[in-house]
Number of protein chains: 2
Amino acid sequence: MKNQNDGIRYDALKLGNQVCFPLYACSKELVRQYGPYLKELNLTYTQYIVMMVMWEKETVSSRELAECLHLDYGTLTPVLKRLDQAGYIRRERSAEDERLLTLTVTKEGKKLREKAVSIPPCIAECMGLSAEEFRTLYVLTYKALRNMESKDN
Amino acid sequence: MKNQNDGIRYDALKLGNQVCFPLYACSKELVRQYGPYLKELNLTYTQYIVMMVMWEKETVSSRELAECLHLDYGTLTPVLKRLDQAGYIRRERSAEDERLLTLTVTKEGKKLREKAVSIPPCIAECMGLSAEEFRTLYVLTYKALRNMESKDN
DNA sequence: CAAGATTTACTTGTGCACAATTATGTTAGC
DNA sequence: GCTAACATAATTGTGCACAAGTAAATCTTG
């Protein structure tokens, strides 16, 4: 009797019943799959998503970047320094407000975009989901993300 | 003209069109949401998923654990040492095969399970998805995970 | 305008996460 | 039985990721 009740009581704690775990494992595996492709661009996954924003916006404030990537400065500062060092972006203080750090993609940085265009289809292929499934995954992850962020005020 | 074509050409590289990014961000945010709850058990998320396996199996080999958590020894070794140090698990070499590391949950470790049962509903609530959506997310992430793992040999 | 609050960014410390290398025990083939 | 292959685990090195604390510039408010 005790065992039966315990089984039910603890069911939600089984790894196989968790939604969080496959999400976490899938995310890690995904980043790992990027590895070989990004290695050719000398980028890590985090550096890659920074560059994605830079390609799109050309110029962006550090704060804006942190917000749209959901990263804090503790993570971002060293990443940006490495990208600067590599010559892909330029970091400079804003003249009007000395606190603000403005980031600009360099010519070298733009070149990477040309090489990067081939990556998304490869990743999509290796995930092996249908267009419909990709869309569903997109919608659900963003929904959960939004919900969680609204929680921590 | 060039700009128009470029727009289309680079569309897949926009952050907003990526499936990988919300998955990655959602996973991180999820782990962050666990923080306050796990802090009361003196566990990190990684330590928590190790304990979930330990609670379920009582005894497990290090290799088996690595496999089902999709973690390598570089990650696992220090995590297991900390859990051992904290008194939640015991690490011992197998007598028959000195290479094998056998892990056993301690009485202290089992106590944590009682406290942990309250966590899954809190996390589910803060993700704010319906039962149907949870199931879909579960299925899709496992499917992608399986597909990706079949790729790397 | 001066003091305190706020914003922006950096720093420090801890703990993953993984690739690559090393170490050691076990097994297989000759 | 001995050596080469293999399996298991630990180590090393690099780079996130985030909390907490610090610093400096700007803004607010009396």
Side-chain angles (χ1 to χ4, degrees), chain A residues 21 24-39 41-51 60-67 69-86 91-103 148-149 152, chain B residues 21 24-39 42-51 60-67 69-86 91-103 148-149 152-153:
Chain A
F21 174 69
Y24 153 84
C26 188
S27 166
K28 276 192 315 164
E29 182 60 28
L30 200 43
V31 170
R32 219 177 63 77
Q33 293 287 335
Y34 271 102
Y37 301 108
L38 292 179
K39 192 162 191 180
L41 316 197
N42 283 304
L43 292 178
T44 64
Y45 180 72
T46 309
Q47 292 165 8
Y48 174 63
I49 59 176
V50 168
M51 290 309 295
V60 74
S61 78
S62 180
R63 194 195 147 291
E64 210 176 330
L65 190 65
E67 196 162 326
L69 294 180
H70 303 265
L71 291 172
D72 72 355
Y73 292 111
T75 303
L76 213 45
T77 297
V79 169
L80 295 178
K81 282 184 181 170
R82 279 182 208 110
L83 286 175
D84 186 341
Q85 194 115 41
R91 297 156 70 244
E92 23 190 16
R93 295 285 160 187
S94 164
E96 314 97 61
D97 189 336
E98 282 286 333
R99 290 170 303 182
L100 267 61
L101 190 63
T102 302
L103 310 168
M148 286 189 285
E149 276 168 349
D152 44 39
Chain B
F21 175 69
Y24 154 85
C26 187
S27 167
K28 276 192 315 164
E29 182 59 30
L30 200 43
V31 170
R32 219 177 62 78
Q33 293 288 336
Y34 271 102
Y37 302 108
L38 292 179
K39 192 162 190 178
N42 283 306
L43 293 178
T44 63
Y45 180 73
T46 309
Q47 291 165 8
Y48 174 63
I49 59 175
V50 168
M51 290 310 294
V60 75
S61 76
S62 181
R63 195 195 148 292
E64 209 176 330
L65 190 65
E67 195 161 329
L69 294 180
H70 304 265
L71 291 173
D72 72 356
Y73 292 112
T75 303
L76 213 46
T77 297
V79 168
L80 295 176
K81 282 184 181 171
R82 279 182 208 109
L83 286 174
D84 186 341
Q85 194 115 39
R91 297 155 70 243
E92 22 190 18
R93 295 284 160 189
S94 163
E96 315 96 59
D97 189 336
E98 283 285 333
R99 290 170 304 181
L100 268 61
L101 189 63
T102 302
L103 309 168
M148 285 189 285
E149 276 169 348
D152 42 39
N153 94 350

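All heavy atoms count here, side chains included; hydrogens, waters and symmetry mates do not. Numbered from 1 within each chain, the chains take letters A, B, ... in sequence-line order.
At least one side-chain nitrogen or oxygen of A:Arg63 sits closer than 4.0 Å to the OP1 or OP2 atom of C:dT8. Taking only side-chain nitrogens and oxygens, B:Thr44 never comes nearer than 4.0 Å to OP1 or OP2 of C:dG15.
Mapping B:Ser94 and B:Tyr45 onto DNA chain C by nearest heavy atom places B:Tyr45 at the nucleotide closer to the 5' end. With DNA chain D read from its 5' end, the first of the two nearest nucleotides for A:Glu98 and A:Asp72 is the one closest to A:Asp72. Where A:Lys28 and A:Pro78 each meet DNA chain C at their nearest nucleotide, the meeting point lying more 5' is that of A:Pro78.
A:Glu67 comes within contact range of no nucleotide atom at all, as no heavy-atom separation falls under 4.0 Å. Contact annotation for A:Leu76: no contact, since no heavy-atom pair falls under 4.0 Å across all strands. Note on A:Thr46: only backbone sugar-phosphate atoms sit closer than 4.0 angstrom, heavy atoms only; bases stay farther off. As judged by a 4.0 angstrom heavy-atom cut-off over every strand, B:Glu96 is placed among residues touching the sugar-phosphate backbone only. Among the protein residues, B:Val31 comes within range of no part of the nucleic acid, since none of its heavy atoms lies under 4.0 Å from any strand.
A:Thr75 and A:Asp72 share a donor-acceptor pair across their side chains, judged by distance under 3.5 Å alone.
Ring geometry, B:Tyr24 versus A:Tyr45: the interplanar angle exceeds 60°, so the pair is classed perpendicular (tilted spans 30 to 60°).
Judged by distance alone, with hydrogens and angles left aside, A:Arg99 brings a side-chain donor or acceptor within reach of the base of C:dT7, the pair sitting under 3.5 Å.
Of all nucleotides listed (D:dT8, D:dT26, C:dA9), D:dT26 comes nearest to the side chain of A:Asp97. Listed nucleotides C:dC16, D:dA10, C:dT8 differ in distance to B:Thr75; the shortest reach to its side chain belongs to C:dC16.
The distance between atom OH of B:Tyr73 and atom P of C:dC18, rounded to the nearest whole Å, is 14 Å. Here D:dA17 presents its P atom at 13 Å from CG of A:Leu65, a figure rounded to the nearest Å. Going from atom CD1 of A:Ile49 over to atom P of D:dG15 covers 16 Å, rounded to whole Å. Whole-Å rounding puts the A:Arg91 CZ to C:dA9 P distance at 10 Å. Taking atom CG of residue B:Leu100 and atom P of nucleotide C:dT24, one finds them 17 Å apart after rounding to whole Å. In this structure, the CZ atom of B:Arg93 is 10 Å from the P atom of C:dG25, given to the nearest Å. To the nearest angstrom, P of C:dC18 lies 13 Å from OH of B:Tyr24. Distance NZ (A:Lys81) to P (D:dG15): 14 Å, rounded to an integer number of Å.
Within the 4.5 Å cutoff, the side chain of B:Leu30 has heavy atoms near those of the A:Met148 side chain.
In this structure, B:Gln47 contributes its side chain and B:Thr44 its backbone to a donor-acceptor pair below 3.5 Å.
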In sequence, state the C-alpha distance, the side-chain angles, and the governing distance for B:Leu101 and B:Leu103, and then conclude on side chain to side chain contact (heavy atoms under 4.5 Å, CB included).
CA-CA 7 Å; B:Leu101 189 63; B:Leu103 309 168; 4.2 Å; yes

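Note: A:Arg63 CZ to A:Thr102 OG1 = 12.5 Å, rounded to the nearest 0.5 Å.
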